[in-house]
Each structure stands twice: as structure tokens, then as C-alpha cells.
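A short write-up of the structure that comes next.
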Amino acid sequence: MEHGKMTRREFACGAALAAAGVGTCMKAVADEVQTGMRITVIGDSTCIPEVGHDAACLLIDGKHLIDTGWYSALKMREYGFDPCSLESIVFTHFHQDHYISLPELLFFVGLRKRKGPPLKIIGPDQHLERIVTTAVEFLQTSRFPEIAVDYELTPIKAGDRFVVSELQFETMAANHVSGKNVPEQAMVYKITNQRNGAQAVLTGDTSYHPPIAEFAKGVPLLIHDGAHTAAKDAAEVARRAGAGRLVLIHYTQPRAKKILAEARAVFPNTELAREGTTLETPAA
């Protein structure tokens with residue numbers, strides 16, 4: 001071909017390749033919109049996890065971590081995710097098994113020099129600042145400033161709404177206690193992808209709490225505590241909510257078959273959260 005000229009055949013081949021490329025790109029975008037939201041189970045176990053498991057911990061779209069479990073950075077890497085890609089860490093409450101690996105996670109992203117905007121750390125306002133400050137002090141960041149992480153705190157109360165990336169979070173109070181029946185500031189989250197309308201509700205730790213059914217009305221996916229709430233009661237919440245499916249998390253693995261059977265007797269479309277698996281909720 002002479003410089004600046006193209007034969008019909010060459011033009012046709014080029015056009016076909018370009019069309020294929022555009023088609024692939026359009027398909028990728030369409031697939032992403034159709035999928036809606038991806039929620040990966042990083043940990044599925046209770047406060048002292050079974051060997052090989054982590055405490056309840058979820059990752060949304062590879063960028064937003066819900067609670068940190070005992071060793072979330074290691075588990076994320078095990079399942080193919082880079083902790084440095086996190087945009088936010090959102091806590092349901094501040095019992096130890098839900099934040100105990102925060103220092104480990106901050107150490108990892110600090111040592112690996114996470115880039116981008118500040119890491120958003122969000123959670124109930126009573127304890128958020130103290131927990132994060134203590135984690136930073138534990139890492140001796142003032143003595144080792146090279147591991148410092150650029151982060152931004154967002155304290156919240158039940159009833160608040162907030163947005164991270166394309167995800168909108170609505171909140172309500174869970175029914176959870178500490179020690180000798182002292183009410184714990186704990187959150188239930190309804191998460192909506194503002195781009196495609198995909199929705200899910202995550203209860204965090206909660207005893208049986210019927211108002212969750214109204215909060216979760218019509219959601220395609222309800223991820224509910226399977227330890228503090230009896231399986232049949234969690235299933236009743238899903239049934240009243242008219243949820244598409246119920247996934248039980250934060251359960252003891254030796255009781256897995258029993259709690260699944262109990263829940264399915266009330267709400268047949270129930271499954272157990274399994275570490276490393278990704279739950280997909282469709283676009284609206």
C-alpha cells in the first residue's frame with residue numbers, strides 16, 4: 001500500500017477489526033450493567049472463625065470492604081483481589097471480630113504505597129475515630145511515616161445516607177448488644193448502585209429484628225446474620241420482605257447443614273455464604 005492510500009480489501013479488513021473492537025467494548029459495558037453488583041464473600045464464619053475461614057467480611061465490586069474480619073488483606077489476595085484497589089472500608093459495628101484486622105490492612109496498603117484519593121473509612125460514630133486512631137498508633141506510624149495511609153473518616157448514625165463511588169448506602173439500626181445486654185451501635189445497610197439500580201441489604205450482626213423486613217422490601221438479595229438470629233427467624237424476615245434470595249453469613253460451619261435446612265423450611269430460596277464465592281445481584 002502506498003503512503004496515504006488503502007485498497008478496498010485493506011479498508012474492509014480494517015473496518016471489520018474496528019467493528020469487532022467496538023462490539024467487544026459494547027458487550028463488556030452491557031455485561032457490566034446487566035450484572036448489577038458483585039458481592040464477594042471474604043469471610044463467612046463467626047467471631048472465632050473455623051480453621052481456614054475468616055469472620056464475616058464482604059467485598060463489593062472489588063472496591064468496597066464491609067468489615068475486616070481477622071485477616072482480610074490475606075483473604076482478599078487469596079481470592080484474587082488487590083487490597084490497594086480498595087476505595088472504602090465500611091464497618092457495620094465495632095465488635096472485635098469485625099475490625100481486628102484493620103491494622104494489618106492499613107499496614108499492607110501503606111507499605112505497598114496505595115495510590116489515588118484518600119481511603120474512605122466509614123462506620124458508627126461512637127467508636128469510629130478511636131478504633132482507627134488506635135490502629136494507626138499500634139502500627140507506630142509516627143515512628144515509621146513511610147507506611148502512613150491517606151484516609152478520610154466518615155462517622156454515621158442510624159438513618160444516615162452516604163455515597164461511595166456509584167454506591168448509595170441507606171442505614172438503619174440493627175438489634176445487637178455488647179457484654180451484659182448493653183445496646184451496640186450497629187448498622188443494617190441497604191446498598192443501591194446508582195448507575196444500574198442493583199440492590200442488596202446486609203444486616204451485619206443482629207438478633208431477630210422484624211423491622212428489617214420493611215427496610216429490605218423487595219430487594220433481590222438479603223445477606224443476613226446466621227449466628228445471632230435463628231435461621232428460621234432470618235428466613236421469616238426474608239419472606240416478609242419478599243426478598244429474591246436469602247444468604248446466611250456469620251454462621252458456625254459445623255451447624256451449616258442444620259441452619260440451611262431450618263431456613264429453607266420457611267424461605268426455600270436460601271443459601272449459605274461461602275468464602276471466595278461471588279453473589280451477583282441484577283440491575284434493576
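Residues: numbered from 1 along the sequence shown.
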Please list, chain by chain and in numerical order, all residues satisfying side chain to side chain donor-acceptor pair (under 3.5 Å) with [X], sequence neighbours excluded.
| X | answer |
| --- | --- |
| R245 | E271 |
| S72 | S101 |
| H98 | D67, D205 |
| D54 | none |

Any non-hydrogen side-chain atom of [X] less than 4.5 Å from a side-chain atom of [Y]?
| X | Y | value |
| --- | --- | --- |
| L248 | I223 | no |
| F267 | K232 | no |
| Y151 | I89 | no |
| V132 | L153 | yes |
| L128 | F94 | yes |
| L59 | T278 | no |
| R195 | M37 | no |
| R161 | T171 | no |

If we ignore hydrogens and angles and just use 3.5 Å, is the side chain of [X] paired with the main-chain N or O of [Y] as donor and acceptor?
| X | Y | result |
| --- | --- | --- |
| D44 | I249 | no |
| T277 | R274 | yes |
| N193 | A283 | no |
| T229 | T206 | yes |
| D233 | Y208 | no |

* If we ignore angles and hydrogens, is there a donor and acceptor under 3.5 Å between the side chains of Q199 and T192? -> yes
* What's the spacing between L221 CG and N269 CG if we round to 0.5 Å? -> 10.0 Å
* Apply the test side-chain contact (heavy atoms from CB on, under 4.5 Å) to residues I60 and L167: give CA-CA distance (whole Å), side-chain angles for both, the deciding distance (0.1 Å), then the verdict. => CA-CA 9 Å; I60 303 177; L167 302 182; 3.6 Å; yes
Using residues 258-266 as the side-chain source, report each donor-acceptor pair under 3.5 Å to any protein atom, sequence neighbours left out, with the distance given to one decimal.
unit_1: R264; atom_1: NE; unit_2: T270; atom_2: O; d: 2.8
unit_1: R264; atom_1: NH2; unit_2: T270; atom_2: O; d: 3.1

* **D125: salt bridge (charged side-chain N to carboxylate O under 4.0 Å, His left out) partners, not counting sequence neighbours** => K157
* To do: Flag yes if more than 12 heavy atoms outside K113 fall under 6.0 Å of its NZ atom; otherwise flag no.
  => yes
* To do: Tell me, yes or no, whether the heavy-atom count around F144 atom CZ, taken from other residues, nucleotides or ligands under 6.0 Å, exceeds 12.
  => yes
* Stepwise, does the side-chain contact (heavy atoms from CB on, under 4.5 Å) test hold for M76 with I42? -> CA-CA 6 Å; M76 284 179 65; I42 302 298; 4.2 Å; yes
* Asked: Is F108 reachable from I100 through a run of I, L, V, M, F, W or Y residues, each pair having side-chain heavy atoms under 4.5 Å apart?
  -> no
So, using ring pair (Phe, Tyr, Trp, His ring centres under 6.0 Å) as the criterion, who are the partners of [X] when residues are at least two apart?
| X | result |
| --- | --- |
| H228 | H176, H250 |
| Y99 | none |
| H53 | none |
| F169 | F162, Y189 |

* Test side-chain contact (heavy atoms from CB on, under 4.5 Å) on S88 and L65 and set out the steps. => CA-CA 6 Å; S88 71; L65 188 65; over 6 Å; no
* N-O pairing of E87 and K120 below 4.0 Å -> no
* In a check of side-chain contact (heavy atoms from CB on, under 4.5 Å) between V188 and each of V201, L202, T92, which one passes? -> V201
* Of I131, I66, I122, T68, which is the lone residue that meets side-chain contact (heavy atoms from CB on, under 4.5 Å) with F91? -> T68
* Positive for side chain to side chain donor-acceptor pair (under 3.5 Å) with S45, one of E275, E50, Q253 -> Q253
* **Qualifying salt bridge (Lys or Arg N to Asp or Glu O under 4.0 Å) pairs, either residue in residues 127-139, two or more places apart** => none
* Is there any salt bridge (Lys or Arg N to Asp or Glu O under 4.0 Å) pair reaching into residues 234-244, and which pairs are they, with sequence neighbours excluded? -> E236-R239, E236-R240
* Can you name the nearest heavy-atom pair linking D225 to A227, along with the distance? -> OD1-N, 2.7 Å
* To do: Would you check, one step at a time, whether the test side-chain contact (heavy atoms from CB on, under 4.5 Å) holds for L119 with R114?
  => CA-CA 9 Å; L119 177 64; R114 175 188 173 274; 3.9 Å; yes
